Amino acid sequence: MPKRVDHDERRHRIAEALWRIASERGLDGASLRDVAAEAGISLGQLQHYFRTKDDMLVFALGHISELAARRIGDRVGSLAGTAPSPRTLLRETFAEMLPLDDKSRTGQLVQIAYFVRAVHDERLRRHAKEGIPALREFLAGQIRRAVEEGDVAPDRDPDTEAMLLIALVDGLCGYVLLDVVPGEEAMRLVDAHLDRLFR
């Protein structure tokens, strides 16, 4: 009997092959042929799923975002006890976003490669424009909840605070990747900022 192919699994394998190449030499260094070889399939098989490099990049960007959201969910879900507070949810989200281990480091390197390409590529830029507002709304929602619970001062604007937190973590990601700031120091700075925000 012919072997059944799990098409979703293969698409994900292709996306992960792309990430490995992009984390080492950037997206421009990732040709369809190179990605196919890294994924252990033929170029023809890869083109069955993605006719162009841009198609592959858009899929891979969506997949990496889904995985990051799942990791954050798993991290928060693993917290023992009652439902986590807004401050805990924010801290755990940032701990997952920062490049503190090999997996998140690779993810950040790929995100930077996407960012550089998206500056000149409207199709990729559209994904960033959709992703950041969703993250901002999630963070702002947690801050609103904290205001209602009396843990954040009522004069703090949740949308502004959420964007400041995104900017803080994005900046720290670059410094951690460059070994300018160690991961533990990055988390200490996140905690210091959260201490100022939360009463």
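Since this is a predicted model, take the numbers as computed values, not measurements.
Interatomic distance, His48 NE2 to Ser42 OG, rounded to the nearest 0.5 Å: 11.0 Å. Glu92 CD to Arg87 CZ: the interatomic distance, rounded to the nearest 0.5 Å, is 10.5 Å. The CD1 atom of Ile41 sits 10.0 Å away from the CD atom of Gln47 when rounded to the nearest 0.5 Å. Atom NE2 of residue His193 and atom CZ of residue Phe198 lie 9.5 Å apart, to the nearest 0.5 angstrom. The distance from atom CG of Leu46 to atom CG of Leu32, rounded to the nearest 0.5 Å, is 5.5 Å. Distance check: Ile143 CD1 to Leu165 CG gives 5.0 Å after rounding to the nearest 0.5 Å.
Salt-bridge annotation for Arg70 and Glu96: absent, with no side-chain N of the basic residue lying under 4.0 Å from a carboxylate O of the acidic one. A salt bridge between Asp191 and Arg188 is absent, with no side-chain N of the basic residue lying under 4.0 Å from a carboxylate O of the acidic one.
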- Would Arg117 and Asp54 count as a salt bridge (charged side-chain N to carboxylate O under 4.0 Å, His left out) if you check the C-alpha gap in whole Å, the side-chain angles of each, and the deciding distance to 0.1 Å? CA-CA 11 Å; Arg117 191 173 174 102; Asp54 281 348; 3.3 Å; yes
- Item | Worked check of salt bridge (charged side-chain N to carboxylate O under 4.0 Å, His left out) between Asp101 and Arg71 | CA-CA 13 Å; Asp101 58 28; Arg71 282 198 314 269; over 6 Å; no
- Query: Which is it for Met97 and Leu135 under the side chain to side chain contact (heavy atoms under 4.5 Å, CB included) test, yes or no, and what are the steps along the way?
  - Reply: CA-CA 11 Å; Met97 290 170 66; Leu135 175 61; 3.8 Å; yes
- Query: Does the salt bridge (charged side-chain N to carboxylate O under 4.0 Å, His left out) test come out yes or no for Arg20 and Glu16, once each step is laid out?
  - Reply: CA-CA 6 Å; Arg20 288 191 295 274; Glu16 287 159 19; 5.1 Å; no
- Task: Could you please spell out the steps behind the salt bridge (charged side-chain N to carboxylate O under 4.0 Å, His left out) verdict for Asp102 and Arg105?
- Result: CA-CA 5 Å; Asp102 289 342; Arg105 186 177 180 85; over 6 Å; no
- Could you walk me through whether Trp19 and His63 pass the side chain to side chain contact (heavy atoms under 4.5 Å, CB included) test, one step at a time? CA-CA 11 Å; Trp19 301 339; His63 184 49; 3.3 Å; yes
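Residue Asp195 places its CG atom among more than 12 non-hydrogen atoms of other residues, nucleotides or ligands, all under 6.0 Å distant. Residue Arg33 qualifies as open at atom CZ: its count of foreign heavy atoms under 6.0 Å is 12 or below. By the 6.0 Å contact criterion, CZ on Arg25 is enclosed, its count of non-hydrogen atoms from other residues, nucleotides or ligands being greater than 12. Annotation for Phe138: atom CZ counts as buried by contact number, over 12 foreign heavy atoms lying within 6.0 Å.
When all heavy atoms are compared, the tightest approach of Pro84 to Arg145 is O-NH2, 3.1 Å. Residue Tyr114 comes nearest to Ala60 through the heavy atom pair OH-CB, 3.0 Å, listed as atom of the first residue, atom of the second, then distance. Of all the heavy atoms in Leu18 and Ala30, the pair that sits closest is CD1-CB, 3.6 Å. For Leu98 against Val190, the heavy-atom pair with the smallest separation is CD1-CG2, 4.2 Å. Nearest approach of Tyr49 to Arg10, heavy atoms of both residues: CE1-CD, 3.1 Å. For the pair Val35 and Met56, the tightest heavy-atom approach, listed with the atom from each and the gap, is CG1-SD, 3.8 Å.
In this structure, Phe50 and Phe59 have tilted ring planes: the angle between them lies in the 30° to 60° band.
A donor-acceptor contact shorter than 3.5 Å links the side chain of Arg13 to the backbone of Ala39. Side-chain N or O atoms of Arg199 include none that pairs as donor or acceptor with a backbone N or O of Asp151 at under 3.5 Å. No side-chain donor-acceptor contact under 3.5 Å links Gln142 to the backbone of Leu89.
Between Arg91 and Met187, the closest side-chain pair of non-hydrogen atoms falls below 4.5 Å. Counting heavy atoms from C-beta outward, Glu185 and Val180 have side chains that stay 4.5 Å or more apart. Residues Leu139 and Phe94 have side chains in contact (heavy-atom distance under 4.5 Å, counting atoms from C-beta outward). Between Glu38 and Asp34, every side-chain heavy-atom pair lies at or beyond the 4.5 Å cut-off.
Linking ILVMFWY residues whenever their side-chain heavy atoms come closer than 4.5 Å, directly or via other members, places Leu172 and Ile132 in the same cluster. Note on Leu109: it does not cluster hydrophobically with Ile21, by side-chain heavy-atom contacts below 4.5 Å among ILVMFWY residues. Ile112 and Tyr175 are assigned to two separate hydrophobic clusters, defined by single-linkage of ILVMFWY side chains at heavy-atom distances under 4.5 Å. Cluster membership check: Leu194 does not share its hydrophobic cluster with Val181, using side-chain heavy-atom separations under 4.5 Å among Ile, Leu, Val, Met, Phe, Trp and Tyr. Hydrophobic clustering, with ILVMFWY side chains joined whenever heavy atoms are under 4.5 angstrom apart, keeps Leu177 apart from Ile166.
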